[in-house]
Undergrad: 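Once you've had a glance at the structure underneath, I'll fire off some questions.
In each ligand, atom 1 is the first atom listed, and ligand 1 is the first ligand listed.
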Amino acid sequence: MTNQPIGVFDSGYGGLTVLREIVRQLPQYDYLYLGDNARTPYGTRSFDTVYQYTLECVRHLFDRGCRLVVLACNTASAKALRNIQQLDLPTLAPDRRVLGVIRPTAEVIGRYSKTGNVGILATPGTVTSESYRVEIEKFFPDLQVSQEACPMWVPLVENGEYDSPGADYFVQQHLNRLMEKAPGIDTILLACTHYPLLLDKIRQYTPGNATILTQGGIVADSLADYLTRHPELERQISQHGKRTFLTTDSTDDFDRQATVFYGEPVRSGQV
Ligand code: DGL
């Protein structure tokens, strides 16, 4: 097969903020992005539903030639990745790989904090899964982790309301709640790939000079390192600098919105 792109998956547009950084760092590869816009948001859905939806999308990316798929969605990484890796891949596609965004972030987050106190802003699904606490403890056992679920943030972003006064209200509300949990927090992770669109407002309502971390660069660094450590897989990825975008919903809507997330014009196809 000559068309073997790297698959990048998200419940909607958020993964484009990750793809953007991956492409910046690894422009030579082909990429196939799939946004499940018709069924977004995932963050308020059950474990089983997120697992089932994510698996369907991963299978679709496999059918289109991807040998490596990045789940550029924290909710899918929290609720579906382990099952896919342990239960599905061995029978479905033992020679293919699916990676997530939580572990690479957990591996580095402790380096940013001086106070040893970090805050995680994420979807309800990611927060209740406790995946961040579990993963961070493996690398930084002394780090204090406080979490705040922000159920309104993805709908605000998906509906293009990230610049509206309504967004101010919900951004301020959740940042205040997070800081009340542990006033010493000096590092805040945007643990949802949609949240970088709210970055200006998040900065505005973040007290003091806490560092705000987005995941795009972290995931891109980790993918570059993974490909170096797995040359047998890296050799199979097609390298024509081609980007293809797919959505499960309207392509017109996708193309209009995706440009904001990806930073350049996008033309999608429908699945
Ligand atoms: N962008 C996804 C994440 O990183 C979730 C968005 C959703 O709720 O669908 O968690």
Undergrad: Provide, to 0.1 Å, the distance between atom 8 (O) of ligand 1 and the closest protein heavy atom, together with that atom's residue and name.
TA: G43 N, 2.7 Å
Undergrad: Answer side chain, backbone, both or neither: which part of V101 comes under 4.0 Å from ligand 1, heavy atoms only.
TA: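 Contact part for V101 vs ligand 1: neither.
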Undergrad: Looking only at distances, can you tell me whether any N or O atom of Y42, backbone or side chain, sits closer than 3.5 Å to an N or O atom of ligand 1?
TA: yes
Undergrad: Please check if the distance between the ring centroids of F245 and Y262 is under 6.0 Å.
TA: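 Between F245 and Y262, the centre distance is under 6.0 Å.
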Undergrad: Report the part of C73 (side chain from C-beta onward, or backbone N, CA, C, O) that has a heavy atom under 4.0 Å from ligand 1; answer both or neither where that applies.
TA: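 It is both parts that get close, each with some atom under 4.0 Å.
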Undergrad: Under 4.0 Å from any heavy atom of D10, which atoms of ligand 1 are there?
TA: 1 (N), 2 (C)
Undergrad: Numbering the atoms of ligand 1 from 1, which are under 4.0 Å from a heavy atom of T40?
TA: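 Answer, ordered by atom number: 9 (O).
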Undergrad: Please confirm whether the backbone N or O of C66 pairs with a side-chain atom of R96, one donor and one acceptor, at under 3.5 Å?
TA: yes
Undergrad: Tell me, with the steps shown, if E130 and R133 meet salt bridge (Lys or Arg N to Asp or Glu O under 4.0 Å).
TA: CA-CA 5 Å; E130 294 285 350; R133 256 193 239 286; 2.7 Å; yes
Undergrad: When you look for heavy atoms under 4.0 Å from ligand 1, do you find them on the side chain of T193, its backbone, both, or neither?
TA: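 Both parts.
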Undergrad: Is the distance between the ring centroids of F254 and Y13 under 6.0 Å?
TA: yes
Undergrad: Output yes when R229 and D225 qualify as a salt bridge under the 4.0 Å nitrogen-oxygen rule, no when they do not.
TA: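 Salt bridge flag = yes for D225 with R229.
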Undergrad: Write out the residue and atom name of the closest protein heavy atom to atom 6 (C) of ligand 1, then the distance separating them to 0.1 Å.
TA: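 The protein heavy atom lying closest is S11 OG, 3.3 Å.
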Undergrad: I want to know whether F170 and W153 have ring centres closer than 6.0 Å.
TA: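 No, the ring of F170 stays outside the 6.0 Å limit from the ring of W153, centre to centre.
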Undergrad: Looking only at protein heavy atoms, which one is nearest to atom 1 (N) of ligand 1, and what is the separation?
TA: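 For this ligand atom, the closest protein heavy atom is H194 ND1, 2.7 Å.
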Undergrad: Starting from atom 10 (O) of ligand 1, locate the nearest protein heavy atom and write down its residue, its atom name and how far away it is, to 0.1 Å.
TA: T75 OG1, 2.8 Å
Undergrad: Looking at D168 and K201, is any side-chain nitrogen of the basic one under 4.0 Å from a carboxylate oxygen of the acidic one?
TA: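 Between D168 and K201 there is a salt bridge, with a charged N closer than 4.0 Å to a carboxylate O.
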Undergrad: For atom 3 (C) of ligand 1, which protein heavy atom lies nearest, and how many Å away is it?
TA: N74 N, 3.2 Å
Undergrad: Taking only residues two or more places apart in sequence or in another chain, which ones pass salt bridge (charged side-chain N to carboxylate O under 4.0 Å, His left out) with R39?
TA: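 Scan of R39 (salt bridge (charged side-chain N to carboxylate O under 4.0 Å, His left out), adjacent residues dropped) gives D36, E56.
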